[in-house]
Enquirer: 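My questions will all concern the structure given below.
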Amino acid sequence: MPESRLEVLNSACPLDCPDSCSLDVTVRDGRVETLDGNHTNPLTAGFICGKVRHFPELMYGADRVLYPAFRSGPKGSGQFTRVSWDEALERIVSRLGEIRDQSGSEAILPYCYGGSNGWLTQNGLDARFFYRLGASQLARTLCAMPASMASAGLYRKMPGVAFEDYPSARLIVLWGVNPAATGIHLAPFLREAQANGAKLVVVDPRRTPFARQAELHLPLRPGTDLPVALALIHWLFDSGRADLGFLAQHARNWEKLRDRSHEWTFQRAADVAGISVEQLEAFARLYAETQPAVIRCGWGLERNVNGGSAIAAVLALPAVAGKFGVVGGGFTMSQGAAWDVDANAGAAARAPATRVINMNRLGEALRPDFQPPIRALFVYNCNPMSTVPEQNKIRAGLMREDLFTVVHEQVATDTVPYADVLLPATTFLEHDDIRRSYGAMIAQYAKPVVPPVGEARSNHWLFGELCRRMQLTQPGDPETSDQLLEAIVATSASAKKLGEAFATSGRSVPPCGTRPLPFVDVFPGTPDRRIDLCPESLDRATSKGLYAYHVVPTQARLPLTLISPSTSRAISSTLYQLVRDAVPVEIHPEDARARGIADGDSVRMFNNSGEVLCAAKLNADLRPGLASLPKGLWARHTHNGQTSNALAPDTLSDLGEGACFNDTRVEIERTNGSATH
Ligand SMILES: Nc1nc2c(c(=O)[nH]1)N[C@H]1C(S)=C(S)[C@@H](COP(=O)(O)OP(=O)(O)OC[C@H]3O[C@@H](n4cnc5c(=O)[nH]c(N)nc54)[C@H](O)[C@@H]3O)O[C@H]1N2
Ligand SMILES: Nc1nc2c(c(=O)[nH]1)N[C@H]1C(S)=C(S)[C@@H](COP(=O)(O)OP(=O)(O)OC[C@H]3O[C@@H](n4cnc5c(=O)[nH]c(N)nc54)[C@H](O)[C@@H]3O)O[C@H]1N2
Ligand SMILES: [Mo]
């Protein structure tokens with residue numbers, strides 16, 4: 001027997017999470033055995049989440065897509081026949097060519113989102129291919145768009161408080177964020193801060209793990225953060241607690257913000273948000289009086305019609321209250337602002353003047369009467385059947401016999417059965433990639449640690465092949481990963497340093513360092529380095545103006561609000577196949593009692609868009625009127641295959657046309673234990 005070869009190799013997790021863990025990957029004879037954290041990214045601190053530890057099961061499990069295949073049964077049946085890569089690519093080239101010639105290239109829609117969030121797996125050769133093909137463009141608005149618009153509107157580009165500086169804060173506000181699941185490397189710093197005597201406030205309709213330990217928990221109605229934040233702002237100005245000195249020196253348009261907050265008294269905001277005036281007032285006083293204070297702003301508050309203005313108002317708070325300028329004071333949103341890099345430079349192509357289709361409205365876009373119709377859909381880095389609103393509309397579109405669908409995937413997701421051509425994709429342990437974190441202050445270059453499983457190929461390889469086969473490659477195009485990186489780092493002086501750091505250590509920190517102090521070391525990226533608290537651009541981008549509150553019409557027939565937060569078991573839909581059990585909808589015991597529902601009963605949760613048949617779990621950590629079913633579930637996790645997105649509307653948020661997952665209104669009824677309907 002030859003001796004087996006065991007190696008521990010360095011990698012970086014590219015999944016859509018703020019932490020970007022650095023990894024030690026144990027490889028035996030070319031096969032990944034275990035993943036663990038190391039210290040290359042100091043934030044990782046040698047530990048990783050439970051779900052990514054299971055990554056080998058994703059790589060080698062029964063759900064892995066191993067070979068290119070053509071659909072051999074009806075759409076949705078999941079029956080495929082293996083073909084060669086050459087046959088698959090030729091089929092794609094000939095069908096896309098035909099569709100372009102018959103209907104124009106805008107009949108082709110690329111459909112992608114986070115997947116692996118790396119620079120070499122998106123906005124590179126894929127963008128080049130679709131740009132030069134003249135395809136319809138996709139507005140990638142599934143997540144973070146309202147937050148990015150709001151923070152860019154106010155601060156342009158300014159990194160926030162580093163997680164490592166949280167122990168210096170005396171007050172930490174977790175606003176619409178659940179770090180116990182969605183960014184676990186913040187947790188040790190929160191605990192250290194608490195040990196130092198810091199107080200915690202949590203603004204979240206659910207009692208999350210950190211809400212349980214908080215000084216104050218504001219269990220507001222989903223979508224009402226805007227009135228709450230504006231009430232704080234109004235009171236700060238009204239009671240003479242606003243830091244007018246700071247505002248005069250560092251902010252513009254603060255008077256407009258002040259005036260627009262005027263109508264929001266504690267009483268009015270508390271009524272709208274469904275919380276008590278006393279709670280709101282206690283929060284305001286604690287925030288005004290404690291120094292240093294930091295707000296960790298999450299994404300839970302952006303997923304509704306008021307999401308953009310809500311984030312803007314929350315990010316305005318530290319300016320109005322004068323919280324900047326000390327270690328542990330200010331806010332943290334996305335730390336992507338720390339980098340001055342054009343990660344799209346690898347495309348080496350410009351976006352054409354073709355129509356732009358919002359990805360949240362995929363179901364509408366796939367209707368046969370959509371003009372001009374979409375005839376080809378190319379899905380990669382995304383699992384729309386799980387993660388995009390109006391699941392039943394999407395399914396109807398994907399069932400269209402005249403739609404040519406390509407899916408490039410790692411595993412047999414719920415989207416895969418609708419593919420005409422299925423292509424196997426590599427995971428991050430099988431291809432090279434660059435990952436810049438949006439929480440930790442680090443970018444990492446990771447090489448493959450094992451050869452591709454089966455015949456999996458990277459996005460980079462796939463779109464390079466397609467460019468060549470469709471004669472879209474031009475002389476001088478950056479082609480290899482190294483050339484792509486070169487193109488990216490050539491975009492700025494600081495990006496250049498990034499390339500040099502990758503070459504020596506495989507990692508790089510941003511030009512501002514890892515713990516920049518807002519308003520001491522770093523300033524807003526606006527021309528005058530001031531915050532714009534009511535930018536004209538955002539005013540124009542909103543139908544009723546920035547900071548205007550939109551009421552979501554309530555329907556007596558649908559009295560409950562369904563939210564679909566992250567859990568610790570998966571990243572969106574990635575890795576959820578490893579959860580074998582059915583997943584229940586959580587409801588408050590009061591709502592359950594009113595409907596005659598006991599813990600574990602089978603229920604039907606419905607609205608006009610769809611119905612989810614599943615079990616009910618009673619949970620007093622929710623506020624009454626709230627139901628919760630995680631995002632990213634697979635069809636196998638409910639009794640009828642529909643998930644939260646069967647019920648989520650495809651309406652759009654006030655800023656950035658983001659998804660409104662948490663504006664879902666539903667009713668729930670008991671189904672007498674029978675799950676078939
Ligand atoms: N384990 C794990 N980690 C993840 C992910 C995952 O799926 N699993 N997903 C990753 C991705 S893609 C993202 S974008 C981030 C998101 O991470 P977070 O910002 O933490 O976002 P969510 O999990 O969507 O929601 C956070 C909290 O917002 C609450 N919430 C819902 N509606 C509202 C509201 O209107 N107002 C307020 N104040 N709170 C509300 C929810 O109850 C939830 O506790 O996490 C990333 N990290
Ligand atoms: N109901 C509800 N739905 C939500 C949300 C919510 O709050 N509520 N939140 C949303 C959020 S925050 C987000 S970010 C989105 C995420 O939505 P998606 O972008 O759909 O995210 P994932 O579910 O992780 O699916 C990514 C897919 O890409 C594949 N993939 C990974 N790497 C590669 C690669 O290199 N090449 C190719 N070809 N494929 C790859 C993975 O196998 C996976 O199936 O979901 C949103 N969906
Ligand atoms: Mo996200």
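What you see below is based on every heavy atom in this structure, not just the backbone, and it leaves out hydrogens, waters and symmetry mates. Every number for a ligand or one of its atoms is a count from 1 in the order of the listing.
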Enquirer: For atom 14 (S) of ligand 1, what is the nearest protein heavy atom, given as residue, atom name and distance?
Expert: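 Looking only at protein heavy atoms, the one closest to atom 14 (S) of ligand 1 is Cys143 SG, 3.2 Å.
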Enquirer: Would you say Cys382 contacts ligand 2, with heavy atoms under 4.0 Å as the rule?
Expert: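 Heavy atoms of Cys382 do come under 4.0 Å of ligand 2.
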Enquirer: Identify the protein heavy atom lying closest to atom 35 (O) of ligand 1, giving its residue, its atom name and the separation to 0.1 Å.
Expert: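 Of the protein heavy atoms, Gly223 N, 2.8 Å lies nearest.
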Enquirer: Any idea which protein heavy atom is nearest atom 9 (N) of ligand 1, and the distance to it?
Expert: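 Looking at atom 9 (N) of ligand 1, the protein heavy atom closest to it is Lys631 NZ, 3.1 Å.
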Enquirer: Could you tell me whether ligand 2 has any atom less than 4.0 Å away from a heavy atom of Ala648?
Expert: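 It does not; every heavy atom stays at 4.0 Å or beyond.
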Enquirer: With heavy atoms under 4.0 Å as the rule, classify the contact between Asn178 and ligand 1 as side chain, backbone, both or neither.
Expert: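 Both of them.
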Enquirer: What is the closest protein heavy atom to atom 40 (C) of ligand 1, and at what distance does it sit?
Expert: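 Checking every protein heavy atom, the shortest distance to atom 40 (C) of ligand 1 gives Pro205 CD, 3.3 Å.
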Enquirer: Under a heavy-atom criterion of less than 4.0 Å, does Gly183 contact ligand 1?
Expert: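 No.
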Enquirer: Pick one of side chain, backbone, both or neither for how Arg221 approaches ligand 1, counting any non-hydrogen atom pair under 4.0 Å.
Expert: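 For Arg221, there is no contact with ligand 1 at all, from either part.
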Enquirer: At a non-hydrogen distance cut-off of under 4.0 Å, which region of Pro222 contacts ligand 1 (side chain, backbone, both, or neither)?
Expert: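 Both backbone and side chain of Pro222 come within 4.0 Å of ligand 1.
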Enquirer: What's the shortest heavy-atom distance between Ser609 and Ala646, and which atoms?
Expert: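 Heavy atoms only, the tightest pair is CB-O, 3.3 Å.
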Enquirer: So is Ser566 polar-close to ligand 1, meaning N/O to N/O under 3.5 Å?
Expert: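 So ligand 1 has an N or O lying under 3.5 Å from an N or O of Ser566.
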Enquirer: Side chain, backbone, both or neither: which applies to Ile571 and ligand 2 if a contact is any heavy-atom pair less than 4.0 Å apart?
Expert: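 The backbone, only.
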Enquirer: So between Arg303, Arg623, Glu302, whose heavy atom ends up nearest atom 21 (O) of ligand 1?
Expert: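 Nearest heavy atom to atom 21 (O) of ligand 1 lies in Arg303.
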Enquirer: Just to confirm my output: which protein heavy-atom neighbour is closest to atom 6 (C) of ligand 1, and how far is it?
Expert: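 Of the protein heavy atoms, Ala570 O, 3.3 Å lies nearest.
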Enquirer: Return yes when Ser644 approaches ligand 2 closer than 4.0 angstrom through a heavy atom, no otherwise.
Expert: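 True for this residue.
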Enquirer: Please check if any side-chain donor atom of His408 sits under 3.5 Å from a side-chain acceptor atom of Asn459, or the reverse.
Expert: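 The criterion, which ignores hydrogens and geometry beyond distance, is satisfied for Asn459 and His408.
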Enquirer: Flag Thr413 as yes when one of its N or O atoms lies below 3.5 Å from any N or O atom of ligand 2, and as no otherwise.
Expert: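 No, no N or O pair falls under 3.5 Å.
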Enquirer: Parallel under 30°, tilted from 30 to 60°, perpendicular over 60°: which one fits the rings of Phe463 and Phe378?
Expert: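 The rings of Phe463 and Phe378 sit tilted, inter-plane angle from 30° to 60°.
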Enquirer: Of Pro565, Ser564, Gly176, which has the heavy atom at the shortest distance from atom 26 (C) of ligand 1?
Expert: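 Among Pro565, Ser564, Gly176, the closest heavy atom to atom 26 (C) of ligand 1 belongs to Gly176.
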Enquirer: Heavy atom to atom 17 (O) of ligand 1, shortest distance: which of Val203, Thr182, Asp225 holds it?
Expert: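 Comparing heavy atoms across Val203, Thr182, Asp225, the nearest one to atom 17 (O) of ligand 1 lies in Thr182.
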Enquirer: Where is the nearest protein heavy atom to atom 31 (C) of ligand 1: which residue, which atom, and how far?
Expert: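 Going by distance alone, atom 31 (C) of ligand 1 is nearest to Asn662 ND2, 3.4 Å.
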Enquirer: So is Gly632 in contact with ligand 1, going by heavy-atom distances below 4.0 Å?
Expert: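 No, Gly632 has no heavy atoms under 4.0 Å from ligand 1.
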Enquirer: Please list the nearest protein heavy atom to atom 33 (C) of ligand 1 with its residue and the distance rounded to 0.1 Å.
Expert: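 Protein heavy atom at minimum distance: Gly300 O, 3.2 Å.
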Enquirer: If you measure from each non-hydrogen atom of Arg569 to ligand 1, which part falls under 4.0 Å: side chain, backbone, both or neither?
Expert: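 The answer is neither.
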Enquirer: Tell me which protein heavy atom sits closest to atom 27 (C) of ligand 1, plus the residue, atom name and distance to 0.1 Å.
Expert: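 Scanning the protein heavy atoms, the shortest distance from atom 27 (C) of ligand 1 goes to Asp204 OD2, 3.2 Å.
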Enquirer: Looking only at N/O atoms, are Trp299 and ligand 1 under 3.5 Å apart anywhere?
Expert: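 Min N/O separation from ligand 1 is below 3.5 Å for Trp299.
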Enquirer: In plain terms, say whether Asp591 and Arg623 are close enough for a salt bridge, that is, a side-chain N and a carboxylate O under 4.0 Å apart.
Expert: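 Looking at Asp591 and Arg623, the cut-off is not met.
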Enquirer: Measure Ser573 to ligand 2 on non-hydrogen atoms and call it side chain, backbone, both or neither using the 4.0 Å cut-off.
Expert: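 For Ser573, backbone and side-chain atoms both sit under 4.0 Å from ligand 2.
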Enquirer: Using a 4.0 Å heavy-atom cut-off, which part of Thr567 comes near ligand 1: side chain, backbone, both, or neither?
Expert: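 The answer is the backbone.
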Enquirer: Measure Asp16 to ligand 1 on non-hydrogen atoms and call it side chain, backbone, both or neither using the 4.0 Å cut-off.
Expert: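 Both parts.
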Enquirer: Indicate, as side chain, backbone, both or neither, the part of Leu301 found under 4.0 angstrom from ligand 1 when only non-hydrogen atoms are considered.
Expert: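 Contact part for Leu301 vs ligand 1: both backbone and side chain.
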